[in-house]
Amino acid sequence: MNARGTDRTVAAGAPIVVFDSGVGGLSVVKAIRATLPQAPLVYVMDRAAYPYGEQSESVLLARVPALLGRLAERHAPRLIVIACNTASTITLAAVREALHVPIVGTVPAIKPAAGSTRRGVIGILGTAATVRQRYVDDLTARFAGSCTVLRHGAPALVDYAEARLRGQPADETAPRDALASLIQQPGGDAMDTVVLACTHFPLVAEALQRDAPHPLTFVDGAAGIAARCAALTAGQPWPDRAATGLTLTTGGLAECRDLTGALASFDLAPAKRF
Ligand code: DGL
């Protein structure tokens with residue numbers, strides 16, 4: 001494997017592992033499927049530790065590198081995508097240190113948001129754990145120094161996305177409340193761009209759009225992640241045609257039964273235990 005990750009000796013069937021605490025990474029799977037349609041995928045949900053946004057840094061630092069290490073041993077992936085802002089902003093450096101597999105992380109799309117805002121006010125909607133990270137301070141200082149940047153952690157919106165994908169009753173106030181918590185902050189009236197800094201949120205972007213009190217541009221990193229996966233696998237062989245991906249969960253299978261339809265819409269098989 002050279003520094004850019006290209007390796008013609010990679011087996012055509014070697015998968016891309018896409019990892020999240022729950023269904024959020026499906027927003028990234030969608031972008032990867034569009035960019036690399038033949039890529040074999042293994043989608044992994046760490047439902048046993050869901051929600052990551054309510055976990056401490058030390059729990060995630062102990063858990064995520066170990067879990068990804070076991071996945072790498074069992075599935076020999078060509079690439080692992082941490083399709084979770086919370087896990088990425090906390091564990092990315094530790095995972096890269098521990099594993100000899102190229103790792104693509106998901107970090108809040110603050111740079112494109114700073115490029116798109118007209119009024120200079122950006123909201124960052126993530127989990128409670130993500131919005132308190134130094135990583136976010138650093139991205140803000142680097143790319144949005146001239147903007148007002150508001151942050152809000154919205155656990156109810158994560159649960160909302162999980163429920164919606166299962167077709168279960170969901171708290172319909174969650175999208176409006178999450179946006180209101182940004183807009184009510186000083187300067188929030190002028191907010192015109194919102195970073196969806198949790199991979200669950202693009203899955204419910206329509207509800208956010210519908211409930212926004214004024215027009216807002218929503219920005220997320222999925223397309224950029226897919227482009228990065230394409231760059232890191234350039235020149236590698238792929239299977240001749242697209243195939244249904246595997247889905248694995250660390251949680252119970254019963255709670256995944258209602259997800260079968262949603263998983264199928266991303267060309268993923270019903271969940272099995274990891
Ligand atoms: N989808 C995840 C993220 O991007 C985490 C959601 C959660 O488990 O709290 O942060």
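Just so you know, ligand 1 is whichever comes first in the structure, and atom 1 is the first atom listed for that ligand. We count residues from 1, following the sequence as given. As the structure is a prediction and not an experimental result, all values here were calculated from the model.
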* **Heavy-atom gap Gly22 to ligand 1 smaller than 4.0 Å** => no
Quiz prompt | Intermediate values then yes/no, side-chain contact (heavy atoms from CB on, under 4.5 Å), Thr217 and Asp192 | solution = CA-CA 6 Å; Thr217 300; Asp192 59 6; 6.0 Å; no
**Message:** Using a strict threshold of under 4.0 Å (side-chain N to carboxylate O), is an ion pair present between Arg210 and Glu206?
**Reply:** no
Could you check whether atom CZ of Arg134 has more than 12 heavy atoms from other residues, nucleotides or ligands sitting under 6.0 Å from it? no
Exercise for the section: Please confirm whether Glu54 comes within less than 3.5 Å of ligand 1 when only nitrogen or oxygen atoms on both sides are compared. Expected result: no
For atom 9 (O) of ligand 1, the closest protein heavy atom turns out to be Gly53 N, 2.8 Å
Counting from 1 in the order shown, the ligand 1 atoms closer than 4.0 Å to a non-hydrogen atom of Thr86 are 3 (C), 5 (C), 10 (O)
Do any nitrogen or oxygen atoms of Thr130 lie less than 3.5 angstrom from nitrogen or oxygen atoms of ligand 1?
no
Atoms of ligand 1 under 4.0 Å from any heavy atom of Tyr50, numbered from 1 in the order shown, are 8 (O)
* **4.5 Å side-chain heavy-atom contact, Cys229 and Leu36** => yes
One finds that the ligand 1 atoms under 4.0 Å from a non-hydrogen atom of Ser21 are 5 (C), 6 (C), 7 (C), 8 (O)
Exercise. Please confirm whether Asn85 comes within less than 3.5 Å of ligand 1 when only nitrogen or oxygen atoms on both sides are compared.
Key: yes
Within the 4.0 Å heavy-atom cut-off, what Thr199 brings close to ligand 1 is both
### Message
Under 4.0 Å between a side-chain nitrogen and a carboxylate oxygen: does that hold for Arg119 and Asp189?
### Response
no
Checklist entry - Do Thr247 and Pro270 come close enough that some side-chain heavy atom pair is under 4.5 Å? => result no
- Note, Leu68 side chain near Ile82 side chain (heavy atom, < 4.5 Å): yes
